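Because the structure is predicted, anything quoted here is derived from the model rather than measured. FYI, side chains are in, hydrogens and waters are out, and symmetry mates aren't considered; it's all heavy atoms of this structure.
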Amino acid sequence: MYHNSSQKKFWTFPREDDLETLRFQANQKFRAKVLGSGKAAVNESLFLEPHEEKVIFKHYEKRLLDFCAIFKPVMPKSVVGTACMYFRRFYLNNSVMEYHPRTIMLTCTFLACKVDEFNVSSTQFVGNLGESPAGQDKALEQILEYELLLVQQLNFHLVIHNPYRPFEGFLIDLKTRYPALENPEVLRKAADEFLNRAAMTDAGLLFPPSQIALTAILNGASRAGLTMESYLTECMGLKDDRETLSKMIDSMRCKYSGVCFYLVCRVLCCGNSTRGL
Amino acid sequence: MDDQGCPRCKTTKYRNPSLKLMVNVCGHTLCESCVEMLFIRGSGNCQECDTPLRKNNFRVQLFKDPTVDKEVEIRKKVLKIYKNDCNFPGLREYNDYLELIEEIVYNLTHNMDLENTKQMMEQYQRENKEIIQKNKIKLTREQEELEELLAMERQEIEQRRLLQIKEEKRQVLAKKKNKQALLDELESSQLPATLLLAQHKDRSAQLEAELEKQRQIVKPTTFSTGIMMSSGSNPSYAAPDRDQALTGRGRGLVGCGVLGSLHTRDPCSWPGACRLACTQFRTAWSSDAGQKISLQPVPKIEEVLYLYKPIHVETYGPPLPDLENLGRFGYLNHVRAASPQDLAGGYTSNLACHRALQDAFSGLFLQSV
């Protein structure tokens, strides 16, 4: 479970700044390594700045998601989530300049299929690449080469807790304990969208998956114009922890610049003031 | 041993529990019934290697591998001839002699170089005729001694058994007398009945105590492995002296069993105690002067009592209903029902439901400070 997982212990960071620091350090480390190895024809200007690295990272992340979308047979969402998380964690401690993101992206997906028990043979896997057979073979070779490195850089922490199952859990709980909300299924679509966008942010490295799922639901509810105040207070007993939730939603808002989140925040803050927190 | 079968009729111990496999000089096995059938005439050829064999050369197989049996037979024959254990000027010559014997046995077992070996053996036989004769006589004498020892042991056991029976009879008699005495007293004496009964009870209790004591004093029987039984209150080994002598020199000895003495090569460098030990029919195998087994109850050890505290796992989230109670709260209405195939495989819908809820509630209250 999440509460005693390696994700909570090692891969959940308290602040976004920590993540930025780590990425910066990875960048610096690579620069030092190249300069230290003393190859003559290295130009300082060839190095990437952290914000440039971020752009490349985002680009390849999008390509990862596209690859998973066209994958045959259909890849379950948890596998996609796991692959994305591996990609993100890898480039937390390594620089984009050192290892090409395309290979790493394929290796992450490959490893995620294995770990999540989505059984695809390697030939089937590279068959989805859409290149010539020779190109596919070469890609497979590269994947196998990088696989061990990837596992190592993940510190052998291979179990990822994605927010999809907590989301299902919340839906079940809503349907059972909160009859005020007539049809929670209407929330599903909006929440799905939210979760997909959350996967493209650092949210997985900062918050527990259950909190992300709950935020997704609240977001969906606010979009539909429903309030879930009473759910939070009565059913969850969340009296003291609204602060956290609002903080979390705040930070998510920064990433998406969605107006809806503002609403959710407001809802919670109202709740806070009425309860005299 | 169980899985071996007769190569001819393929019967095994499973099908015929009293099956006995016999080995001959060529090293191939046959079950008893096959031997009977093939060697009705008294002699014939081995069915696998076609060597001429005699029926009375068949011995019951002792080892799993028939080649081992064959080698044992050959070794016995060779050693009858090569029984020269005393006339060696030094260790090197003795070792060479032993190696020669081993080579001969190996050659004969694996049918290598048969003529040369046989010639060598015959030559040696001729040279050392007298020594071999002497050894033969010694052999028979040793065997006689052993027979005597065995007879003595058997006698001892018989005696002990008779003694025990007598003891038991005596005890039963004593009890009967006691009861009879009570009845007589009740009849004749003037004392009140309760007093008589009390007296009787005392007496029978006394008798019981005596019997118990006698049973406790298990005589320090000395077993042939040197283990001694004691009641714990008797810490010394009140063993007869010969055991003492035995255990004192015990450390140097290695398994001189009864059979071992037949095959033992005892060069003159070994102490005479070895012989002594052998003839006394003991496997002189001792660590520190024998082990002792006590018959008293084990002492009780007082410790702090273990208090069970149920395990508590911190989930950082709201509490979750138990797996069994999910149905009661109505959670299962919103989960996909388990199909008959799922149920057959052991899957129930509350498993998935519980898992989803667990994941939803886990870590919900965690705050990033």
For atom CD of B:E99, decide whether the heavy atoms of other residues, nucleotides or ligands shown that lie under 6.0 angstrom number more than 12. no
For A:E117, look at atom CD and say whether over 12 heavy atoms of other residues, nucleotides or ligands are found less than 6.0 Å away. no
Considering all heavy atoms, the nearest B:S362-A:S210 contact: O-OG, 2.5 Å
Mark yes when over 12 heavy atoms from residues, nucleotides or ligands other than B:Y347 sit less than 6.0 Å from its OH; otherwise mark no. yes
Is there a side-chain contact between A:D173 and B:Y331 (heavy atoms, below 4.5 Å)? yes
Could you check which of A:E168, A:H161, A:K8 has the highest count of heavy-atom pairs closer than 4.5 Å to chain B? A:K8
Stepwise, does the side-chain hydrogen bond (donor to acceptor under 3.5 Å, both in side chains) test hold for A:H3 with B:T315? CA-CA 5 Å; A:H3 49 261; B:T315 61; 5.1 Å; no
In the structure I gave you, are the side-chain heavy atoms of A:Y2 and B:F361 within less than 4.5 Å of one another anywhere? no
So do the side chains of B:L364 and A:F170 get within less than 4.5 Å of each other, counting heavy atoms only? yes
Please give me the minimum heavy-atom distance between A:P166 and B:A360, naming the atom from each residue. O-CB, 3.4 Å
Would you say that B:D359 contacts A:P209 through its side chain, given a criterion of any heavy-atom pair below 4.5 Å between the two side chains? no
Could you check if a side-chain atom of B:N333 sits within less than 4.5 angstrom of a side-chain atom of A:T176, using non-hydrogen atoms only? no
